[in-house]
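Below: the structure, in structure tokens.
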Amino acid sequence: MLHRVRSSGWACLGGISLAVAAACTQDHGVLGRDPSSGASTSGAGGGPGATTSGATTTTGAGGGAVEPPGPTKLTVVNGISDHDAVRFCFLAYPDGTGAGVDPWPGAAAGLAFARAQEVEPLGAAIPEGASLRAHVIAGDLRATEGLDCAEILALAAESAAPIVAAGLPVLPAPVFAEEKSLLVVATGCLGGEGHTHESEKEGCGDAYTIDTPTAGLVAVAMSRRTSFDRVSLQVAHASAATPVVHVELTPGREDATGVTLAQDLSYGAIAPFPPSTGFSVSDLGALDEVAIETRDPIEGMVTSSVPMREILASSDVPAADIGDGQGFVLVAVGAAPGAEQGGFWHPLTYSLLRANP
């Protein structure tokens, strides 16, 4: 049996000053409209190999590159580290009760850890014209089958509930009116029966205890910029337990060395902007052998290495779809680099998704 999670969590929200965590010190990706001058705000720095191309990008009057136009899209990633799957209740704020609102995704199995899914059509799940508060639900999700969101949240509030739930910070209505490719990640740990361990902060973040879970939210805009002869890449940091890191990509070629994708990447940030276009698909070599590594920005040592074969295994993006002219985002979720194995949390990994689904 599980207990009700009462914490509202904390968030890093790109371009919007809401309940921002103290650790969120960078520019976390623009959610507002591009200014008329054409200037755009960057994520956390680029690095070697983070080159740009204007092949599919317009330039504003001020000389700065702006995002290509496109409809509003929303991709949701499950980055809750201490459960295998979650469902969401997307409720209008402040008046939404959940009555008559179906949980998302529709299947009771929910969205597995590190998996991404587009909310399509957007209006079917997101209240039109209203601010949004998402509630994330985990535990025995079979108990949520056939229930609406009001019933699910009432069940989670019971003392011997088979599920846990947490209300996440509010996203204001204008976010969903922007012509951007939006990324929302549920992060941290929800807690539950037995979710305590001597190394729990490595799995869930420094603030975690079984009585103070760390469920939170990261919301950023993914860049639609691409180059016809390169693979465009960004990295989003959505691991509540992971400190500031450099993120590198090592191609799947013999004697290849790592190339920096993002420097000094902090929780809630997406980088680089413009996206890295340092690799063509042929430059990447054998995709299964590509590695995504984190490096301590001060000491310079590698702190984690995740093979692309593992990332692809939990992604809806097949290897055959990774090609020149396409844009992708790697979303870091799970425990801190090097966290003890065998705890109740998932280790650090990445969700691979299309920047423009």
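Please read these numbers as outputs of a predicted model, since none were measured by experiment.
- Proximity of the aromatic rings of His195 and Trp345 is defined here by a centroid distance below 6.0 angstrom, and this criterion is not met.
- No donor-acceptor pair closer than 3.5 Å links the side chain of His83 to the backbone N or O of Ala85.
- Donor-acceptor pairing under 3.5 Å is recorded for the side chains of Thr187 and Tyr267.
- The closest side-chain heavy-atom distance from Val218 to Val77 is not below 4.5 Å.
- Checking side-chain atoms of Lys201 against main-chain N and O of Asp206 turns up a donor-acceptor pair under 3.5 Å.
- In this structure, the side chains of Val333 and Tyr350 stay at 4.5 Å or more apart for every pair of heavy atoms.
- Proximity of a side-chain donor or acceptor of Ser131 to a complementary backbone N or O of Ala173 within less than 3.5 Å is detected.
- Linking Ile, Leu, Val, Met, Phe, Trp and Tyr whenever their side-chain heavy atoms come within less than 4.5 Å leaves Leu330 and Val302 in two separate clusters.
- At a threshold of 4.5 Å between non-hydrogen side-chain atoms, the residues Arg225 and Pro68 count as touching.
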Sequence neighbours excluded and cut-off under 3.5 Å, please list the side-chain donor-acceptor pairs for residues 94-117, or say none.
{"from": "Thr97", "atom 1": "OG1", "to": "Ala99", "atom 2": "N", "distance (Å)": "3.3"}
{"from": "Arg115", "atom 1": "NE", "to": "Ser314", "atom 2": "O", "distance (Å)": "2.8"}
{"from": "Arg115", "atom 1": "NH2", "to": "Asp316", "atom 2": "OD1", "distance (Å)": "2.4"}

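- The shortest non-hydrogen separation linking Gly334 to Ser81 is CA-OG, 3.4 Å.
- Side-chain N or O atoms of Thr260 include none that pairs as donor or acceptor with a backbone N or O of Ala262 at under 3.5 Å.
- Residues passing the side chain to side chain donor-acceptor pair (under 3.5 Å) test with Ser304 are Thr294, sequence neighbours excluded.
- Sparse packing is recorded around OH of Tyr93, with 12 or fewer heavy atoms of other residues, nucleotides or ligands lying under 6.0 Å away.
- Thr72 pairs by the side chain to side chain donor-acceptor pair (under 3.5 Å) definition with nothing, not counting sequence neighbours.
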Exercise for review: Go through Glu310 and Thr349 one step at a time and tell me if the side chain to side chain donor-acceptor pair (under 3.5 Å) criterion holds.
Suggested key: CA-CA 8 Å; Glu310 175 184 314; Thr349 189; 3.1 Å; yes
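- A heavy-atom distance below 4.5 Å is found between the side chains of Ile163 and Ile152.
- Contact between Val184 and Ala219 at its shortest, heavy atoms only, is CG2-CB, 4.2 Å.
- For the pair Thr214 (side chain) and Cys189 (backbone), a donor-acceptor distance under 3.5 Å is present.
- A 6.0 Å sphere centred on CZ of Arg142 holds no more than 12 heavy atoms belonging to other residues, nucleotides or ligands.
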Point to revise | side chain to side chain donor-acceptor pair (under 3.5 Å) assessment of His346 paired with Asp84 | key: CA-CA 8 Å; His346 291 279; Asp84 291 335; 3.2 Å; yes
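- Closest heavy-atom contact between Asp264 and His246: N-ND1, 2.9 Å.
- Residues Thr257 and Thr250 form no side-chain contact, since every pair of their non-hydrogen atoms from C-beta on lies 4.5 Å or further apart.
- Under the 3.5 Å distance criterion, the side-chain polar atoms of Asp296 are left unmatched by any main-chain donor or acceptor of Met301.
- Although no hydrogens or angles enter the test, the distance criterion places a donor-acceptor pair under 3.5 Å between the side chain of His237 and the main chain of Thr242.
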Atom pairs and distances, donor-acceptor, side-chain atoms in residues 284-293, under 3.5 Å, two or more places apart:
{"from": "Glu289", "atom 1": "OE1", "to": "Arg309", "atom 2": "NH2", "distance (Å)": "3.2"}
{"from": "Glu289", "atom 1": "OE2", "to": "Arg309", "atom 2": "NH2", "distance (Å)": "2.7"}

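- Note that CG of Leu182 and CD of Glu118 are 10.5 Å apart. Values are rounded to the nearest 0.5 Å.
- Of all non-hydrogen atoms in Leu353 and Val317, the two that sit nearest each other are CA-CG2, 4.1 Å.
- Once rounded to the nearest 0.5 Å, the distance linking CG of Leu261 with CG of Leu233 reads 6.0 Å.
- Across all non-hydrogen atoms, the minimal contact from Gly343 to His197 is CA-CD2, 4.2 Å.
- Checking side-chain atoms of Arg354 against main-chain N and O of Gly327 turns up no donor-acceptor pair under 3.5 Å.
- In this structure, CG on Leu155 lies 8.5 Å from OG1 on Thr144, to the nearest 0.5 angstrom.
- Side-chain atoms of Thr209 come within 3.5 Å of backbone atoms of Thr212 as a donor-acceptor pair (strictly under, hydrogens ignored).
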**Study point:** side chain to side chain donor-acceptor pair (under 3.5 Å) between Arg295 and Thr303, worked out
**Key:** CA-CA 5 Å; Arg295 190 178 289 273; Thr303 54; over 6 Å; no
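- Residue pairs meeting the disulfide bond (SG atoms under 2.5 Å apart) criterion with at least one member in residues 98-179, sequence neighbours excluded: Cys89-Cys149.
- The structure places OG1 of Thr196 at 6.5 Å from OH of Tyr208, a figure rounded to the nearest 0.5 Å.
- Residues Glu179 and Lys73 have side chains not in contact (no heavy-atom distance under 4.5 Å, counting atoms from C-beta outward).
- Between Phe228 and Asp324, every side-chain heavy-atom pair lies at or beyond the 4.5 Å cut-off.
- Take Ser282 and apply the side chain to side chain donor-acceptor pair (under 3.5 Å) test, not counting sequence neighbours, and it matches Ser280.
- With values rounded to the nearest 0.5 angstrom, Phe279 atom CZ is found 10.0 Å from Arg230 atom CZ.
- Taking 4.5 Å as the limit, every side-chain heavy atom of Val331 sits out of range of all side-chain heavy atoms of Val235.
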Point to revise | Stepwise side chain to side chain donor-acceptor pair (under 3.5 Å) test for Ser223 and Glu67 | key: CA-CA 7 Å; Ser223 177; Glu67 283 292 300; 2.7 Å; yes
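- Nearest heavy atom pair, residue Val119 against residue Ala125, reads CG1-CB, 3.6 Å.
- In this structure a side-chain-to-backbone donor-acceptor pair under 3.5 Å is missing from Ser232 to Thr277.
- Distance check: Arg224 CZ to Asn356 CG gives 4.5 Å after rounding to the nearest 0.5 Å.
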